[in-house]
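We're numbering straight along the sequence, starting at 1. Small disclaimer: the values here were computed from a predicted structure and weren't measured.
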Amino acid sequence: MRELLVDTRCQTGEDGRTVDCRYYILVGEMAMSGGMSCESYGVKVVGADGEEASVPNLTVSAGRIDQLMELLVRNGVTPVTLRDVVEDWL
């Protein structure tokens, strides 16, 4: 699986601490019927403290994963909240 760095964001948390996150699109292969395969896309968020969360194989649409990534970066989603946000997005 390949990881494509999309953005890095520095923000201030509710407790006043600075939170740095790196946002990645994950690119993998998804098996299809008939022995074919296609690219699948997921997301990953890594915090400055090394904490990370990822959700692979969310979609085969490059446009949809771009929309999700824009949402994650714009709202400063952290590794802790990534799964909840993705579940709501689905």
_In one Ile/Leu/Val/Met/Phe/Trp/Tyr side-chain cluster, 4.5 Å: Leu4, Val73_ = yes

_Cys21 backbone acceptor or donor facing Arg9 side chain under 3.5 Å_ = no

*Could you walk me through whether Arg22 and Leu5 pass the side chain to side chain contact (heavy atoms under 4.5 Å, CB included) check?*
CA-CA 7 Å; Arg22 294 185 313 275; Leu5 179 63; 4.0 Å; yes

*How about Ser40 and Glu29: do any of their side-chain heavy atoms sit closer than 4.5 Å?*
no

*For salt bridge (charged side-chain N to carboxylate O under 4.0 Å, His left out), just list the numbers for Arg2 and Glu39, CA-CA rounded to whole Å, side-chain angles, deciding distance to a tenth of an Å, and then say yes or no.*
CA-CA 11 Å; Arg2 293 179 293 146; Glu39 280 191 335; 3.0 Å; yes

*List the atom of Ala53, the atom of Leu82, and the distance in Å for their closest heavy-atom pair.*
O-CD2, 3.3 Å

*Flag the pair Val55 / Arg83 as yes when at least one side-chain heavy-atom distance between them is below 4.5 Å, and no otherwise.*
yes

*Any side-chain heavy atom of Trp89 sitting closer than 4.5 Å to one from Arg64?*
yes

*Would you mind reporting whether Glu51 and Val80 have side-chain heavy atoms less than 4.5 Å apart?*
yes

*asked:* Closer than 3.5 angstrom, by distance alone: can the side chain of Tyr23 be matched with the main-chain N or O of Val77 as a donor-acceptor pair?
replied: yes

*Taking everything shown except Arg74 itself, do over 12 heavy atoms lie less than 6.0 Å from its CZ?*
yes

*Under 4.5 Å between any side-chain heavy atoms of Ile25 and Lys44, yes or no?*
no

_Between Asp66 and Glu70, is the side chain to side chain contact (heavy atoms under 4.5 Å, CB included) condition met? List the steps._
CA-CA 6 Å; Asp66 286 343; Glu70 182 183 325; over 6 Å; no

_Would you say Tyr24 ends up clustered with Ile65 if hydrophobic residues are merged whenever their side chains have heavy atoms under 4.5 Å apart, either directly or through other cluster members?_
no

*Do you know which two heavy atoms are closest between Val46 and Pro79, and how far apart they sit?*
C-CG, 4.2 Å

*Is it possible for you to say whether Val86 and Val45 belong to one hydrophobic cluster, with membership spreading through side-chain heavy-atom contacts below 4.5 Å?*
yes

*About how many Å separate CE of Met36 and SG of Cys38, when rounded to the nearest 0.5 Å?*
8.5 Å

*side chain to side chain contact (heavy atoms under 4.5 Å, CB included) evaluation trace for Gln11 with Asp20*: CA-CA 6 Å; Gln11 58 196 359; Asp20 294 320; over 6 Å; no

*Does the side chain of Cys10 reach to within under 4.5 Å of the side chain of Val19, using non-hydrogen atoms?*
no

*asked:* According to a hydrophobic-cluster definition based on side-chain heavy atoms being under 4.5 Å apart (Ile, Leu, Val, Met, Phe, Trp, Tyr only), do Tyr41 and Met69 belong together?
replied: yes

*Hey, which of Leu68, Val6, Val85, Leu71 is the one that makes side-chain contact (heavy atoms from CB on, under 4.5 Å) with Val43?*
Leu68

